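Working notes, structure below.
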Amino acid sequence: MRSTTVLASLAAALALGLGLAAPAARAAAGDRYVLVTHAADSDSWWNTIKNAIKQAGDDYGVAVDYRGSGNGDLSEMARQLESAAARNYKGVAFDIASYAVLKAPAAKVAAKGIPIVTINSGTPEESKKLGAIMHIGQGEYDAGKAAGERAKAAGKHSFVCVNHYATNNASFERCQGFADALGIKDWRQTSMIDTGMDPTVVSSKLSAYLRSHPKTEAILALGPNAAEPAIKVVEDLHLKGSIYFGTFDLSPAIIAGIKSGTIQYAIDQQPYLQGYMAIAALVIANEQKTKDPATIIAALKANPKFQARLKQYDLKPIYTATGVSSGPAFVTKDNVATVEKYAGQYR
């Protein structure tokens with residue numbers, strides 16, 4: 001084990017398994033890895049990534065911390081990155097929720113010579129500018145456009161984007177792709193509601209929108225925080241089967257919605273890959289003293305524990321020359337049984 005004691009690693013693993021930050025006092029920060037995210041504590045979608053970094057720590061024998069923003073505040077995320085630089089972690093992973101906000105604190109991490117991997121939000125180009133080894137995520141615009149093309153093929157011409165996290169650029173990229181596929185130019189003014197994460201607010205705003213726009217043909221939710229309240233709205237307004245409903249990401253409630261026919265599909269970006277592979281890549285970078293993505297990817301492909309995880313959870317990373325694309329993959333009634341067992345945990 002690379003942590004100071006076996007007990008320290010066990011405590012860290014247990015803490016992460018409960019979705020808590022591992023106690024910093026149990027091991028020196030310089031002996032640990034960390035994942036910093038923009039996620040609010042209430043956002044259950046990130047539980048899959050928390051589980052993934054725990055398993056990566058187990059498989060590679062390292063201690064891993066998770067640091068969320070607490071309430072979705074990007075300034076708090078920036079402070080967490082600055083703290084990671086000051087504490088000299090062996091590797092830092094983070095999502096690029098806002099390139100402009102995170103550029104300065106990320107530079108402090110890079111200046112310390114600490115390896116960086118970016119995940120989730122952001123682009124490979126932004127990742128490279130931030131000094132990261134690679135980016136592991138889903139092309140958000142492309143995923144939104146692929147979803148919109150499905151809606152167009154189903155004969156839909158209008159939609160509402162239920163945006164629960166409007167300070168994250170990825171939210172707009174998803175909606176933009178969907179709107180472009182349908183040929184809608186002014187969607188920000190006519191086809192988007194900024195709901196925030198409170199489920200009561202999501203429900204009330206979506207209900208009001210659908211009542212005032214009765215010809216709306218499709219709903220695009222951007223994650224469980226938006227989709228789960230939207231399921232109840234669709235059912236309460238007796239729109240099940242008559243409104244085309246797609247969402248990003250998975251949760252047990254979304255799986256149930258697909259099975260019942262309320263939701264037509266979920267766009268799965270396989271978040272487990274983002275968490276696990278970020279930590280694994282950082283460990284490999286340190287052990288092999290390399291920042292070459294091809295070398296790191298080759299080591300990942302050759303790792304039997306990682307390959308066993310992929311097989312167990314039916315995960316399919318798409319390897320590129322400079323990183324990994326974790327999605328999009330569509331979950332529908334046709335394949336929902338395959339992922340249902342692990343939804344909200346490892347899928």
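For clarity, every value in this text was computed on a predicted model and none was experimentally measured. Throughout, numbering of the chain's residues begins at 1 and tracks the sequence. All heavy atoms count here, side chains included; hydrogens, waters and symmetry mates do not.
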Is the ring centre of H38 less than 6.0 Å from the ring centre of F94? no
Minimum side-chain heavy-atom gap I184-F159 below 4.5 Å: yes
Judged by atom type as modelled, is there a donor-acceptor pair below 3.5 Å linking the side chain of D292 to the main-chain atoms of T295? yes
Does any pair with a residue in residues 208-246 pass disulfide (SG to SG under 2.5 Å), and if so which ones, sequence neighbours excluded? none
Testing the basics here: between P271 and W45, what is the closest heavy-atom pair and its distance to 0.1 Å? CB-CZ2, 3.2 Å
For a quick check under 3.5 Å, do Q274 and Q269 share a side-chain donor-acceptor pair by atom type? yes
Flag side-chain contact, heavy atom, 4.5 Å: I296 against I133: yes
To the nearest 0.5 Å, how far apart are NZ in K215 and OG in S158? 10.0 Å
Any heavy-atom pair between the side chains of Y33 and V283 that's under 4.5 Å? yes
Would V233 end up clustered with F248 when hydrophobic side chains under 4.5 Å apart are linked, directly or stepwise? no
Do you see a donor-acceptor pair shorter than 3.5 Å between the side chains of D65 and Y89? yes
Using 0.5 Å steps for rounding, measure from the NE2 atom of H135 to the OG1 atom of T320. 10.5 Å
Output every pair passing side chain to side chain donor-acceptor pair (under 3.5 Å) with a member in residues 143-153, not counting sequence neighbours, ordered by first then second residue. none
For the residue pair Q55 and Y272, confirm or rule out a side-chain donor-acceptor distance under 3.5 Å. yes
S325 side-chain N/O to G327 backbone N/O, donor-acceptor pair under 3.5 Å: yes
Could you walk me through whether V36 and M77 pass the side chain to side chain contact (heavy atoms under 4.5 Å, CB included) test, one step at a time? CA-CA 7 Å; V36 180; M77 182 183 178; 3.9 Å; yes
How close do P229 and S203 get, heavy atom to heavy atom, and via which atoms? CB-OG, 3.4 Å
Run the numbers on F178 and C161 for side chain to side chain contact (heavy atoms under 4.5 Å, CB included), then give the verdict. CA-CA 9 Å; F178 197 96; C161 174; over 6 Å; no
Do N286 side-chain atoms and L282 backbone N/O form a donor-acceptor pair below 3.5 Å? yes
Which pairs count as side chain to side chain donor-acceptor pair (under 3.5 Å) when at least one residue sits in residues 329-342, sequence neighbours excluded? K259-E340
Minimum heavy-atom separation for N71 to A40, with atom names? C-CB, 3.6 Å
The reported gap from NE2 in H164 to CG in L206 (rounded to nearest 0.5 angstrom) is 14.0 Å
Residue pair Y319 / P317, side-chain heavy-atom distance below 4.5 Å: yes
Are side-chain N/O atoms of Q80 and E82 paired as donor and acceptor at under 3.5 Å? no
Can you check whether S204's main-chain N or O pairs, donor with acceptor, with S207's side chain at less than 3.5 Å? no
Looking at every non-hydrogen atom in both residues, tell me the closest pair between T118 and S127 and how far apart they are. OG1-OG, 2.7 Å
With heavy-atom distances below 4.5 Å as the criterion, would you say the side chains of S98 and T167 are in contact? no
Flag yes if F330 and L250 sit in one hydrophobic cluster, no otherwise; membership is Ile, Leu, Val, Met, Phe, Trp, Tyr, and two members link when side-chain heavy atoms are under 4.5 Å apart. no
Using the rule given for side chain to side chain contact (heavy atoms under 4.5 Å, CB included), can you reason through N88 versus K112, listing the C-alpha separation, both sets of side-chain angles and the distance that settles it, and then say yes or no? CA-CA 7 Å; N88 296 312; K112 289 284 191 76; 3.1 Å; yes
What I want to find out is whether E76 reaches R79 closely enough, with some N-O distance under 4.0 Å, to be called a salt bridge. yes
Can D180 and Q176 be counted as having a side-chain donor-acceptor contact under 3.5 angstrom? yes
If only side-chain N and O atoms count, and only distance matters, is there a donor-acceptor pair under 3.5 Å linking N169 with Y99? no
As an exercise, state the distance from CG of N120 to CG of L273, rounded to the nearest 0.5 Å. 12.0 Å
Do L237 and R211 come within less than 4.5 Å of each other through their side chains, counting heavy atoms only? yes
Check whether any side-chain heavy atom of M134 sits under 4.5 Å from a side-chain heavy atom of I297, and report yes or no. yes
Only counting residues at least two apart or in another chain, list the ones meeting side chain to side chain donor-acceptor pair (under 3.5 Å) with D73. S75
Assigning hydrophobic clusters by single linkage (Ile, Leu, Val, Met, Phe, Trp, Tyr; side-chain heavy-atom cutoff under 4.5 Å), is L315 placed with V339? no
Say whether V202 and L210 are linked into one hydrophobic cluster, either directly or through other cluster members, by side-chain heavy-atom distances under 4.5 angstrom. yes
Interatomic distance, OG1@T290 vs CD1@I284, rounded to 0.5 Å, equals 10.0 Å
Over all heavy atoms of both residues, which pair between A302 and P304 is shortest? Give the atoms and the distance, please. O-CD, 3.2 Å
Between L220 and V162, is the side chain to side chain contact (heavy atoms under 4.5 Å, CB included) condition met? List the steps. CA-CA 6 Å; L220 178 68; V162 188; over 6 Å; no
For a salt bridge (Lys or Arg N to Asp or Glu O under 4.0 Å) check, start with the C-alpha distance between R347 and D268, then their side-chain angles and the critical distance, and finish with the verdict. CA-CA 8 Å; R347 288 297 304 256; D268 180 20; 2.6 Å; yes
Using a 3.5 Å distance criterion without hydrogens, assess whether the side chain of K90 forms a donor-acceptor pair with backbone atoms of I114. no
Might you point out which heavy atoms bring T247 and L222 nearest each other, and give the distance in Å? OG1-N, 4.5 Å
Does a sphere of radius 6.0 Å around NE2 in H157 hold more than 12 heavy atoms from other residues, nucleotides or ligands, not counting ones at 6.0 Å or beyond? no
Distance-only polar pair, side chains of D95 and T37, donor-acceptor under 3.5 Å: no
With ring-ring contact (aromatic ring centres under 6.0 Å, His included) as the rule and sequence neighbours excluded, what pairs involving residues 288-307 come up? Y276-F306
Passing option when I263 is tested against V331, I258, I255 for side-chain contact (heavy atoms from CB on, under 4.5 Å): I258
Please report the interatomic distance OG(S191) to CG(D186), rounded to the nearest 0.5 Å. 6.5 Å
Would you mind reporting whether I318 and V324 have side-chain heavy atoms less than 4.5 Å apart? no
Give the intermediate values and the outcome of side chain to side chain donor-acceptor pair (under 3.5 Å) for residues D43 and Y165. CA-CA 11 Å; D43 193 340; Y165 199 64; over 6 Å; no
Qualifying side chain to side chain donor-acceptor pair (under 3.5 Å) pairs, either residue in residues 224-237, two or more places apart: E228-S251, K232-D236, E235-T262
Fit a plane to each ring of Y265 and Y244, take the angle between them on a 0 to 90° scale, and name the class: parallel (under 30°), tilted (30 to 60°) or perpendicular (over 60°). perpendicular
Group every Ile, Leu, Val, Met, Phe, Trp and Tyr by side-chain heavy-atom contacts under 4.5 Å, then state whether I243 and M192 land in the same group. no
Answer yes when D59 and R309 have at least one side-chain N-carboxylate O distance shorter than 4.0 Å, and no when they do not. yes
